[in-house]
Amino acid sequence: SALPDYEIRGNQIYRTVSHPDGWSALPDYEIRGNQIYRTVSHSNGWSGLPDYEIRGNQIYRTVSHTNGWSGLPDYEIR
């Protein structure tokens, strides 16, 4: 999509109005180092294991992601 699903503010990631599930005032994810974790306000709940890993300007699923690992990026940071 040409419209962003998420917006990064500080170390937290929020859904935008163009996200398929709609806008949220609470963060879905928290960035710690190069890993991305679900917050308590995420629709699938909190997780102590990272869902994503940041490599350069691309975001990849980790083995602990609910849909499993992927060698291809799910998101691009622009």
Seminar exercise, completed: Value for CD1 (Ile59) from CD1 (Ile36), rounded to nearest 0.5 Å, stands at 4.0 Å
Exercise. Looking at side-chain heavy atoms only, is the closest gap between Glu76 and Asn57 below 4.5 Å?
Worked result: yes
Problem set entry | pair Pro50-Ser64: side-chain heavy atoms closer than 4.5 Å | yes
Exercise. Hey, are the side chains of Tyr75 and Gln58 touching, using non-hydrogen atoms and a 4.5 Å cut-off?
Worked result: no
Exercise. Looking at CG of Asp51 and NE2 of His65, how far apart are the two atoms once the value is rounded to the nearest 0.5 Å?
Worked result: 5.0 Å
For this session: Please tell me if the side chains of Ser41 and Ser24 come closer than 4.5 Å, counting only heavy atoms from C-beta onward.
Result: no
Exercise. Are any non-hydrogen side-chain atoms of Thr62 and Leu49 less than 4.5 angstrom apart?
Worked result: no
Exercise. Does Tyr37 offer a backbone N or O that forms a donor-acceptor pair with the side chain of Arg32 under 3.5 Å?
Worked result: no
For this session: Output the distance between atom CG (Asp28) and atom NE2 (His42), rounded to the nearest 0.5 Å.
Result: 4.5 Å
Problem set entry | Sub-4.5 Å side-chain heavy-atom contact between Ile77 and Ile54 | yes
For this session: Measure from the side-chain N and O atoms of Arg38 to the backbone N and O of Gly45, and report whether any donor-acceptor pair falls under 3.5 Å.
Result: yes
